[in-house]
Amino acid sequence: MWNRVELKEDSKSLLRMNYWPFVLVAFVHAIVSGGLGRSSGGANAARDWRDSYGNGFYGYYDEYSLVNDLVTYILPFLGLAAVVAVGMWAVTILLKVFLFNPLEVGCKRYMTLARQVKPEYQEMAFAFKNCYSNIVKTMFLRGLYTALWTLLFVIPGIIKSYEYRMVPYLMAEYPDMASYEAFRISKEMMMGNKWETFVLDLSFFGWNLLSAVTLGLVGIFYAGPYQILTNAALYLTLKRTHPSFGYVQQDDNYYFRK
């Protein structure tokens, strides 16, 4: 059975010895995986609407005027807003599927290789040069399956997200692996390890809270790379201790060790 304390201490040691490259890769990973928050424009829109009409509707409006304003101004505005929203949603999905997911696989590959060799930054673009379509398909299915399970109830979606957790790492090492094999092997690796992995994630709660308080600075410069390195260590550990599926990982051999 793996020990989360050992994984975290090991990852901290690795982070200290090659700090800035890990910070950069973790920052890219945070962007493509949705780890950085997004600001909302709702307040600005409401303020613009209020400014257009002063401090709200004023004066007397009869029914005809209200209906006329509704048809003339509000409905076209809502229609345009809906079209823009759908367009933005479609663009976001396309970016996620064809750009962000492959970059996420590349970042995970970098963090995994860092325990054996000194990787180049080009590893982040690994998916674009190696079985790109297969990686895109597998990562898309991972997101789709998780979303569908989440629609049933929240808890099954969470469980499935842990079952599929190792899929990006498997794609990062074996880009030609069939999608069904990646899901099967990930499930086998996580069998009996989902709860411990949840506890591992929970152990970073304090760092994530501190990151939120510092507007993401702690996450960018320490907590992010620390957590991603720990997750990579978990993947290698589970892979090494579950050789039955035929993909055996040799022991870690950090490039900075003599």
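Since this is a predicted model, take the numbers as computed values, not measurements. Just so you know, these numbers use all the heavy atoms, side chains as well, and skip hydrogens, waters and symmetry mates.
- For R142 and Y164, the positive end is not near the middle of the six-membered ring at less than 6.0 Å and at most 45° from its axis.
- A salt bridge links D201 and R165; the closest N-O separation between the charged side-chain nitrogens and carboxylate oxygens is under 4.0 Å.
- Taking the six-membered ring for Trp, F183 and Y145 have ring centres closer than 6.0 Å.
- Under the side chain to side chain donor-acceptor pair (under 3.5 Å) criterion, K8 pairs with S203, not counting sequence neighbours.
- Although no hydrogens or angles enter the test, the distance criterion places no donor-acceptor pair under 3.5 Å between the side chain of T138 and the main chain of I135.
- With sequence neighbours excluded, the residues satisfying side-chain contact (heavy atoms from CB on, under 4.5 Å) with L209 are F205.
- Under the 4.5 Å side-chain heavy-atom criterion for Ile, Leu, Val, Met, Phe, Trp and Tyr, W89 and L95 are members of the same hydrophobic cluster.
- Among residues two or more places apart in sequence or in another chain, the side-chain contact (heavy atoms from CB on, under 4.5 Å) test is passed with E9 by V5, K12.
- Side-chain heavy atoms closer than 4.5 Å link hydrophobic residues (I, L, V, M, F, W, Y) into clusters, and following such links, even through other members, never connects V213 to L215.
- Under a 3.5 Å cut-off, the side chain of N18 and the backbone N or O of L14 do not form any donor-acceptor pair.
- Using a 3.5 Å distance cut-off with no hydrogens or angles, the side chains of Y226 and N231 do not pair a donor with an acceptor.
- A donor-acceptor pair shorter than 3.5 Å can be found between the side chains of Y235 and E173.
- For the pair K194 and Y162, the cation-pi test (distance below 6.0 Å, angle within 45°) is failed.
- For N130 (side chain) and F126 (main-chain N/O), a donor-acceptor pair under 3.5 Å exists by modelled atom type.
- The main-chain N or O of E163 is found under 3.5 Å from a side-chain atom of S186 such that the two form a donor-acceptor pair.
- Looking only at atom types and distance, the side chain of S11 has a donor-acceptor partner in the side chain of R115 under 3.5 Å away.
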